[in-house]
Amino acid sequence: MPRPSRPEDVPGLPARRAALRLLDAVLRRGDPLELALHGAGQGLPPADRALVHAIAAETLRHLPDLDALIDSATRQPLPHDAKARMVLRIALIQTIALGTAPHAAIATALPLVDGGPRKLVHGVFGTLTRANPTLPSPPTLPPEVAARWGGQWGEAMPLAAATAYALRPPVDLSLRDAGETAHWAERLGGRSFAPGHVRLPEGANIPDLPGFGEGAWWVQDLAASIPAHLLGTGEGRRVLDLCAAPGGKTMQLAAAGWRVTAVDQSKKRLERLGENLGRTGLSAEVVQADLRAWAPDGPVDAILLDAPCSATGIYRRHPDVLHRIGPRQIAELAELQAELLGRAAQWLTPGGTLIYATCSLEQAEGEEQVARFLSAHPDFAPLPANAAELPEGIAPTAQGWVRTLPETLAEQGGTDGFFVARLVLSTKA
């Protein structure tokens, strides 16, 4: 006699259960998506882990629109932290965006809820899927994010951000030898916006491309490559790359002739930095340390501080930041940035250069942070960027900073959101 089936017997259920745990970690606890995936997906095969990530990331990308669909089919709005709402989000995103058949989506959804909510989930899902629902393009940004960005950058910015959100970010490469830019652009079928840069055509499989194995290049967003470019060639001088992992800027600096000391607090991320250095054949001194307790053994010629930040500038690749980062987190990170800037300012030789950068779209972590620093450190002065130092289509601000926004190079695929300032210590310091 065959044994009765159990919920655990439903094919694909472990992956959906993991997606539910992952979304709970992001939305309830505020954990970063990539970090929470490690715990939520433990024990799953790689294909299922990839599915868990896809379900969670697409749910977060379309969260306001999924909730609007759900609310349109219920008499009373479900609490936002209700399991029934979360399960409906997961089931709907699979059907609408990931190509899962409705019967398969609901079969793996119902075992995730118990009792009365199961009937509710079944009814709401059936009502919505019978109407062949769609999600708007571009996706709707969380209202609080749209209001914050509109207040800082103008009312057109949230629409530009949403439009960029709907598109797959391009893949940019930084080259070990900038003199080979034309060669690699042609060989890889890409386009270059600056010496040492190639933007790949869509769909490229990175490890299979020419040049990967021999370390001729590494993946690095175009905006993220700007801070190191603003330091120019090193000619054997010493530079600190602070918060360095996973090492894109470290490799840029080493390739440009700097003697690099790369410092980061994360052992795991430094392991990846070491792997990248090994693949490219570039060298740097690597230090695991908390910058609040570490100091170099003497003054250095230059410092690049890619400071810990909200990471709202990389929301296209990490949609979780729009749901777990708010004014409180931004303010706390701005205080940490100010502390790290103050420490780094003590480590330069007179006439030395300090680059401050964040992958943030928040002025508190960029323009306001640098204004605050300069007010407290009159021995530093801005050294404005000039157009010749920057990639095609990116211009310095009136103050000489570099600020990339969602509309930057929008017709060519866009860039991450970044802020970069170059500051010089007086020779009389």
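As a basis for the values below, the full set of heavy atoms in this structure was taken, side chains included, without hydrogen atoms, waters or symmetry mates.
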Check the pair Lys83, Asp24 against salt bridge (Lys or Arg N to Asp or Glu O under 4.0 Å), reporting the backbone distance first and the verdict last.
CA-CA 9 Å; Lys83 181 180 281 190; Asp24 183 73; over 6 Å; no
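- When the ring pair (Phe, Tyr, Trp, His ring centres under 6.0 Å) test is applied to Trp347, the partners found at least two apart in sequence or on another chain are Trp294.
- Between Val321 and Leu33 the shortest side-chain heavy-atom distance does not fall below 4.5 Å.
- Using modelled atom types, one side-chain atom of Arg422 and one backbone atom of Leu383 make a donor-acceptor pair closer than 3.5 Å.
- Within the 4.5 Å cutoff, side-chain heavy atoms of Pro308 are placed close to those of Leu340.
- With 3.5 Å as the limit, one finds a donor-acceptor pair spanning the side chains of Gln369 and Gln337.
- The closest donor-acceptor contact from the side chain of Arg199 to the backbone of Arg191 lies at 3.5 Å or more, if one exists at all.
- A salt bridge (charged side-chain N to carboxylate O under 4.0 Å, His left out) with Arg89 holds for exactly one of Asp71, Asp65, Asp67; it is Asp67.
- Gln220 and Gln252 form a side-chain donor-acceptor contact under 3.5 Å, judged by distance and modelled atom types alone.
- Side chain of Thr358 to backbone of Glu365: a donor-acceptor contact under 3.5 angstrom is found.
- Formation of a donor-acceptor pair under 3.5 Å by the Asn205 side chain with backbone atoms of Asp208 is not found in this model.
- Shown here for Pro246 and Asn276, the closest heavy-atom pair between the two residues is O-ND2, 3.0 Å.
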Could you please spell out the steps behind the side chain to side chain donor-acceptor pair (under 3.5 Å) verdict for Arg324 and Gln329?
CA-CA 9 Å; Arg324 60 180 184 80; Gln329 291 85 357; over 6 Å; no
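- Without hydrogens or angle criteria, Asp416 side chain to Ile314 main chain gives no donor-acceptor distance under 3.5 Å.
- Distance alone, capped at 3.5 Å, is enough to place a donor-acceptor pair between the Thr280 side chain and the Leu277 backbone.
- In terms of modelled atom types and a separation under 3.5 Å, the side chain of Trp153 and the main chain of Glu362 share no donor-acceptor contact.
- The side chain to side chain contact (heavy atoms under 4.5 Å, CB included) search around Ala364 returns Ile330, Glu368, not counting sequence neighbours.
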Side chain to side chain donor-acceptor pair (under 3.5 Å) between Thr261 and Glu285, intermediate numbers included
CA-CA 5 Å; Thr261 299; Glu285 178 190 7; 2.9 Å; yes
Only pairs under 3.5 Å count here: list side-chain donor-acceptor contacts from residues 44-56, not counting sequence neighbours, and write none if there are none.
residue	atom	partner	partner atom	Å
Arg49	NH1	Gly41	O	3.3
His53	NE2	Glu34	OE2	3.0

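- Asp172 contributes a side-chain N or O that, together with a main-chain N or O of Leu222, makes up a donor-acceptor pair within less than 3.5 Å.
- Minimum interatomic distance between Ser283 and Ala254 (heavy atoms only, all atoms of both residues): O-CB, 3.6 Å.
- A distance-only check finds no donor-acceptor pair linking the side chain of Thr59 to the backbone of Ile90 [under 3.5 Å].
- Contact annotation: the side chain of Leu336 never approaches that of Glu332 to less than 4.5 Å [non-hydrogen atoms, C-beta and beyond].
- Judged by distance alone, the side chain of Arg17 and the main-chain N or O of Thr108 form no donor-acceptor pair under 3.5 Å.
- Under the 6.0 Å distance and 45° angle rule, Arg61 does not count as a cation-pi partner of Tyr315.
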